[in-house]
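Residue numbers begin at 1 in each chain, while the letters A, B, ... track the order of the sequences. Just so it is clear, the structure is predicted and the values come from calculations on it, not from any experiment.
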2 protein chains.
Amino acid sequence: MTETAVESAAAQSKSQQAYTAVKARIVEGIYTPGYRLVLAKIAEDLGFSVVPVREAIRRLEAEGLVKFERNVGATVSGIDPTEYLYTMQTLSIVEGAATALSAPLIDSVAIARARAVNEEMRECLEHFDPVRFTALNQDFHSVLFEHCPNPHILDLVHRGWNRLASLRSSTFRFVPGRAQESVQEHEALLQLIESGADADTIEHAARRHRAATLDAYLATTN
Amino acid sequence: MTETAVESAAAQSKSQQAYTAVKARIVEGIYTPGYRLVLAKIAEDLGFSVVPVREAIRRLEAEGLVKFERNVGATVSGIDPTEYLYTMQTLSIVEGAATALSAPLIDSVAIARARAVNEEMRECLEHFDPVRFTALNQDFHSVLFEHCPNPHILDLVHRGWNRLASLRSSTFRFVPGRAQESVQEHEALLQLIESGADADTIEHAARRHRAATLDAYLATTN
DNA sequence: GAGTACGAAATCGTATACGATAACTATCAC
DNA sequence: GTGATAGTTATCGTATACGATTTCGTACTC
């Protein structure tokens, strides 16, 4: 009653807390791909019992962040090139759609903010800061998607981002040449939106933007 | 040991069984939108305890089939026109992508099968059998998606279908005029695929096919 | 008569406990 | 020395139990 901080923490169920905690550890790379998630151990670490942890793990499984085998246990999803392709291809499609749907609702203030983020990204390239670059890249698109009229599609975008984060792909597959292009494509995309280009054009540009990164990856492996 | 039937049933975890059972009841319309899913009651019905049931419900929540409120409980997701719009719009996008990706891999045998299904759909129109029409409609697209090279996208399509099924929308919003068009669009789509049309053209057609149904619905409400 | 406050019932959330399954290890036979 | 097998350990899967929260009904007050 008196402790508001505790109150707000207690307002969340433990399964929710466990979900958030484990997800954060995966996305931040504390739990790396292949890491064995032992229910009892996580429960002990977090200070509560296995049931809520188990529930959290199943939710993460549904999002594709972990793999769960009956009577064996859960492991953080690994870097499977095929999975990477599937995820990037899907992201290309949903990001394209999200951008096209959002475009008419983006005002000049948002454009300016996005441009500022993109400028920061350019600076990251000079100082070679791939981690921050990746974070800013999400910020850039988040600004564009701020008023996305379809939350389902936005949710799919976020799921894709989480998967990529768990794959830890963006950082160590970071290709400076591609990053440079990416910044330029962002600016081109902003200009398309400003000029009030039609939905198809914007969708195609946004889609290509993601697909080009996939192509760059495929080029390095073949 | 001796009872293979029991054995195969036991091979599935109870949480999996609960998931399948409850999902089926929702999709089949036994549990209608707004239906209150009381954990203890479902557990008793199925003959096992609440923990696996709870897990199943959370999975269904992740798929959008049920709504789960802390300390209140779960209810089957209702027919919210806004949700319908979101789902149809998203389906339009992912079905479009799935069709375009699958098109190059569809052989003449599959085309013939799809055509046969479509012919059955036409017959359903004459006998006015909306339920079977809806089922066949899924069959038609399933044939096209049989060799879809991206399972993630296919999964999104199936999730959308499940949501629609739980919304029980397709049957009672069944508009004969639109259904007629739908059959024609199927044939047009098949011809596009046969002729080896480019991916963009096919994607656009498939997307419009779903979007037109949404438009027809919106027209009836405005 | 309407609104509020209190209490009881229903239901959820989580801990603990135990049985079931799979992985590992050590031993034995060849 | 290598392979198979039995026993042990670790971990999962689920049941049961109890505390926490919400909801509903009832009584009381204004």
*Asks:* Spell out protein contact along nucleotides 8-13 of chain C as letters: B when the base is contacted, S when just the sugar-phosphate is, - when no protein heavy atom is under 4.0 Å; keep the 5' to 3' order.
*Replies:* ---SSS

*Asks:* Can you name the residues that form a side-chain hydrogen bond (donor to acceptor under 3.5 Å, both in side chains) with B:Q89, not counting sequence neighbours?
*Replies:*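 B:Q89 satisfies side-chain hydrogen bond (donor to acceptor under 3.5 Å, both in side chains) with A:N150 only.
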
*Asks:* Under the side-chain contact (heavy atoms from CB on, under 4.5 Å) rule, collect the residues that match up with B:L60, sequence neighbours excluded.
*Replies:* B:Y19, B:V22, B:K23, B:I26, B:L65, B:V66

*Asks:* Over how many whole Å does the gap from B:Q16 atom CD to C:dT21 atom P extend?
*Replies:*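 The answer, rounded to whole Å, is 17 Å.
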
*Asks:* Quick one: A:E55 CD to C:dA15 P, roughly how many Å, whole number?
*Replies:*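 So the two atoms are 12 Å apart, to the nearest Å.
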
*Asks:* In whole Å, I'd like the distance from the CZ atom of A:F48 to the P atom of C:dT14.
*Replies:* 8 Å

*Asks:* Sequence neighbours left out, cut at 3.5 Å: what donor-acceptor pairs do the side chains of residues 33-52 of chain B make with other protein atoms?
*Replies:*
unit_1, atom_1, unit_2, atom_2, d
B:R36, NH2, B:V72, O, 2.7

*Asks:* For B:R58, what residues pass the salt bridge (Lys or Arg N to Asp or Glu O under 4.0 Å) criterion, not counting sequence neighbours?
*Replies:*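 Residues passing salt bridge (Lys or Arg N to Asp or Glu O under 4.0 Å) with B:R58: A:E55, B:E61.
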
*Asks:* How would you list, by chain and number, every residue that makes a side-chain contact (heavy atoms from CB on, under 4.5 Å) with A:D139, sequence neighbours excluded?
*Replies:*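 Partners of A:D139 under the side-chain contact (heavy atoms from CB on, under 4.5 Å) test: A:V117, A:L136.
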
*Asks:* Can you name the salt bridge (Lys or Arg N to Asp or Glu O under 4.0 Å) partners of B:E203, sequence neighbours left out?
*Replies:* A:R207, B:R207

*Asks:* Could you work out, with side-chain contact (heavy atoms from CB on, under 4.5 Å) as the rule, every residue matching A:A110, not counting sequence neighbours?
*Replies:* A:I106, A:D107, A:R113, A:V143

*Asks:* Restricting to nitrogen or oxygen on both sides, can you table the protein-nucleotides 5-7 of chain D pairs closer than 3.5 Å?
*Replies:*
none

*Asks:* Check whether any side-chain N or O of A:T134 sits under 3.5 Å from a backbone N or O of A:P130 as a donor-acceptor pair, and report yes or no.
*Replies:* yes

